[in-house]
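The block underneath contains the structure these notes are about, expressed in structure tokens.
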Amino acid sequence: MPKINQFEHNGISIVVNEPPPPMGLPSKQVVGWVVTAPDKHADVPFNTPIRIASHKDARLLDTTGDERGTGFHAVSETLKRTQVVQYVVVVPEVEEDATATMNNIIGGIHPDTGQATGIAALALCPETPTLIAAPGYSQNKPVIDALVSLAVQSWAIVVADCTSTTRPEALTLSESLGGEGNGYERVYLVEPSAKIYSKKAKGYIYVPASTMAMGAIAAVNQWESPDNQGVRISDVMRPISYNILDKTSEGDLLNAYGISYFARTSLGGFSVKGNRAVTGKFISHVGLENVIARKIIAASERAMGKNLTREFMEAELEKLNDFLSNLAASNIIPGGNAYLHPELNNVENYRNGSWFIVLEYGRFSPNEHMTFHFNPSKKILEEFLGDIV
């Protein structure tokens, strides 16, 4: 007789169906800089991210020891504060033409070669930065706008320089940054320039605020506020008054406009003061959203194209709920839950290959304001006298 086409095997087969892999805990901070480095090593190309992980690597940005440009101090001062991976994009510095250099910092896509330049080149980093900055140039709104554009795409936070001139000019810059849906909730604006020791100068020099703030911010988790983190500086370009009890201090006013600043505190030395982005949103809440979004993006890649079966959807929900439970167990969030959206998951959307998941979670807020009530008690006094009379 002919072969039986429908025959498979007289025995058993074992098929292992693996559940979706766990999403894991959030990764650590990764810093991305766009800088100038006139004395960089010849092996360091322009407009290409290079990885800096040590002080030896930092010397690639300053082969002469003259400390020129913005790159060397940015990476070396951050390394002094915390061990964190840093990527640096070096752009050409045009001597005596700050505007041309600023345009190189902003960069874009070269019309002839298609190469990403300046801030746009940070998108080429093998590890996507969680924090990005362009020290010495980000007190200019066009630079901040370019950084924000990248931050929105990559779920990052911008550490920007404020004016470091006068209070009115600082407030004016802050007021120019905003607008619903423009991404400015990602901007952590810091004032003023800071004084550090320079071996080349054999004395003290001033560096942009973001140069010193970055290390303090990178030293905390993405879902935590950098407020009260110490910075190793000797002084600031202009002193900003701070008093933990004073609501009328200049520091309190700057914070009310979403500007963080360096101030002397009772802890000794200088600390970063400020919990909020320029829009008023807690920067720690922005960082938490970034953490969750990045994990979901990475975990969703392998799920694309699968049939929307009950088993598939339940497995995806289980994966997300396990992730949220893990965040809660690690004290990153108070709790959370993933579930199918009750209205949007309808027949028409399903037929179009669309389904909708709600991630509901709590957020810890930073300790920004403590109020103590002093209540002298007559009852306690009566009890006291009753014991001795």
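- Using a 3.5 Å distance cut-off with no hydrogens or angles, the side chains of N275 and E368 do pair a donor with an acceptor.
- A donor-acceptor contact closer than 3.5 angstrom is absent between the side chains of N104 and Y137.
- To the nearest 0.5 Å, the span separating CG on D39 from CG on L61 amounts to 10.5 Å.
- At least one side-chain heavy atom of K80 sits less than 4.5 Å from a side-chain heavy atom of H55.
- The closest donor-acceptor contact from the side chain of T78 to the backbone of M214 lies at 3.5 Å or more, if one exists at all.
- For the side-chain contact (heavy atoms from CB on, under 4.5 Å) with L254, the qualifying choice from I240, V190, L189 is I240, the only one to do so.
- D62 contributes a side-chain N or O that, together with a main-chain N or O of E67, makes up a donor-acceptor pair within less than 3.5 Å.
- Note that CG of L288 is 9.5 Å distant from CD of Q222, once rounded to the nearest 0.5 Å.
- Residues R51 and V85 are in side-chain contact: their nearest non-hydrogen atoms beyond the backbone lie under 4.5 Å apart.
- Counting non-hydrogen atoms of neighbouring residues, nucleotides and ligands closer than 6.0 angstrom, the CD1 atom of I205 exceeds 12 such neighbours.
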(message) Run the side-chain contact (heavy atoms from CB on, under 4.5 Å) test on E314 and E318 for me, step by step, so that the C-alpha distance in whole Å, both residues' side-chain angles and the decisive distance to 0.1 Å come before the verdict.
(response) CA-CA 6 Å; E314 288 177 346; E318 182 180 4; over 6 Å; no

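- Counting non-hydrogen atoms of other residues, nucleotides and ligands closer than 6.0 Å to CG of N367 gives a total above 12.
- Contact between L324 and G336 at its shortest, heavy atoms only, is CD1-C, 3.8 Å.
- If you chain together hydrophobic residues whose side chains sit under 4.5 Å apart, W223 and L327 fall into the same group.
- Distance check: N352 CG to N346 CG gives 10.5 Å after rounding to the nearest 0.5 Å.
- The side-chain heavy atoms of T130 and R294, taken from C-beta on, include a pair separated by under 4.5 Å.
- Between the side chain of T172 and the backbone N or O of P168 there is at least one donor-acceptor pair closer than 3.5 Å.
- For the pair V90/T36, no side-chain contact is recorded, criterion being any heavy-atom separation below 4.5 Å from C-beta on.
- A side-chain donor-acceptor contact under 3.5 Å links E224 to the backbone of N221.
- Distance alone, capped at 3.5 Å, is enough to place a donor-acceptor pair between the S174 side chain and the Y257 backbone.
- Panel note: side chain T265, backbone L267; a donor-acceptor pair is recorded below 3.5 Å.
- Using a 4.5 Å heavy-atom threshold, the side chains of S164 and Y206 count as separate.
- In summary, the side chains of N255 and K273 do not present any donor paired with an acceptor at a separation below 3.5 Å, with no hydrogens or angles considered.
- Here the OG atom belonging to S271 is positioned 10.0 Å from the CZ atom belonging to F262, to the nearest 0.5 angstrom.
- Side-chain N or O atoms of S354 include none that pairs as donor or acceptor with a backbone N or O of Y350 at under 3.5 Å.
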(message) E77 vs R232, test: salt bridge (Lys or Arg N to Asp or Glu O under 4.0 Å). Steps then yes/no.
(response) CA-CA 9 Å; E77 292 300 326; R232 295 185 180 126; over 6 Å; no

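- Heavy-atom neighbours of E383 CD from other residues, nucleotides or ligands within 6.0 Å: above the threshold of 12.
- Taking every heavy atom of both residues into account, A277 and I283 meet most closely at CB-CD1, 3.9 Å.
- Closest of all the heavy-atom pairs between A121 and P49 is O-CG, 3.3 Å.
- Ring geometry, F356 versus H341: the interplanar angle exceeds 60°, so the pair is classed perpendicular (tilted spans 30 to 60°).
- Inspection of the D66 and T64 side chains reveals an N or O donor paired with an N or O acceptor under 3.5 Å.
- Judged purely by atom type and a 3.5 angstrom limit, E93 has no side-chain atom pairing as donor or acceptor with the backbone of G69.
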(request) Check step by step if side-chain contact (heavy atoms from CB on, under 4.5 Å) holds for W155 and T128. (result) CA-CA 9 Å; W155 297 88; T128 305; over 6 Å; no

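- Between R276 and E185 there is no salt bridge, since no side-chain nitrogen of the basic residue lies less than 4.0 Å from a carboxylate oxygen of the acidic one.
- Judged by distance alone, with hydrogens and angles left aside, the side-chain atoms of T101 form a donor-acceptor pair with the main-chain N or O of D97 at under 3.5 Å.
- You'll find the side chain of P45 reaches within 4.5 Å of the side chain of I50, heavy atoms only.
- Under the 3.5 Å distance criterion, the side-chain polar atoms of H285 are matched with a main-chain donor or acceptor of F364.
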(request) Report the C-alpha separation of K28 and V84 in whole Å, then their side-chain angles, then the decisive distance to 0.1 Å, and conclude whether the side-chain contact (heavy atoms from CB on, under 4.5 Å) test is met. (result) CA-CA 8 Å; K28 293 184 178 181; V84 63; over 6 Å; no

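- Here the OH atom belonging to Y184 is positioned 5.5 Å from the CG atom belonging to L177, to the nearest 0.5 angstrom.
- Summarising the geometry, atom OG belonging to S198 is positioned 9.0 Å from atom CZ belonging to F72; distances are rounded to the nearest 0.5 Å.
- Atom CD of E180 is surrounded by 12 or fewer heavy atoms from other residues, nucleotides or ligands within 6.0 Å.
- Donor-acceptor pairing under 3.5 Å is recorded for the side chains of T248 and D246.
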(request) Show the numbers, then the answer: is there a ring-ring contact (aromatic ring centres under 6.0 Å, His included) between Y197 and Y204? (result) CA-CA 4 Å; Y197 184 78; Y204 290 91; 5.6 Å; yes

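- Scanning both residues, A216 and V231, for their nearest heavy atoms gives CB-CG1, 4.0 Å.
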(request) List the steps and the verdict of side-chain contact (heavy atoms from CB on, under 4.5 Å) for I259 and V278. (result) CA-CA 6 Å; I259 303 171; V278 292; 5.6 Å; no

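- The hydrophobic cluster containing L79 also contains L131, counting ILVMFWY residues as joined when their side-chain heavy atoms lie under 4.5 angstrom apart, directly or transitively.
- Using a 4.0 Å cut-off between charged nitrogen and carboxylate oxygen, K379 and E382 do not count as a salt-bridge pair.
- In terms of heavy-atom proximity, G183 sits nearest to V152 at CA-CG2, 3.9 Å.
- In terms of hydrophobic clustering, with Ile, Leu, Val, Met, Phe, Trp and Tyr side chains grouped at heavy-atom distances under 4.5 Å, I157 and V35 are assigned to a common cluster.
- Grouping the Ile, Leu, Val, Met, Phe, Trp and Tyr side chains by contacts below 4.5 angstrom, directly or via other members, places V286 apart from V291.
- Cluster membership check: I233 does not share its hydrophobic cluster with Y242, using side-chain heavy-atom separations under 4.5 Å among Ile, Leu, Val, Met, Phe, Trp and Tyr.
- For S210 and D161, the side-chain atoms include at least one donor-acceptor pair closer than 3.5 Å.
- Nearest heavy atoms, V75 versus A58: CG2-CB, 3.7 Å.
- Using a 4.5 Å heavy-atom cutoff, the side chains of S138 and L147 are in contact.
- With a 4.5 Å cut-off on side-chain heavy atoms, H373 and T371 count as touching.
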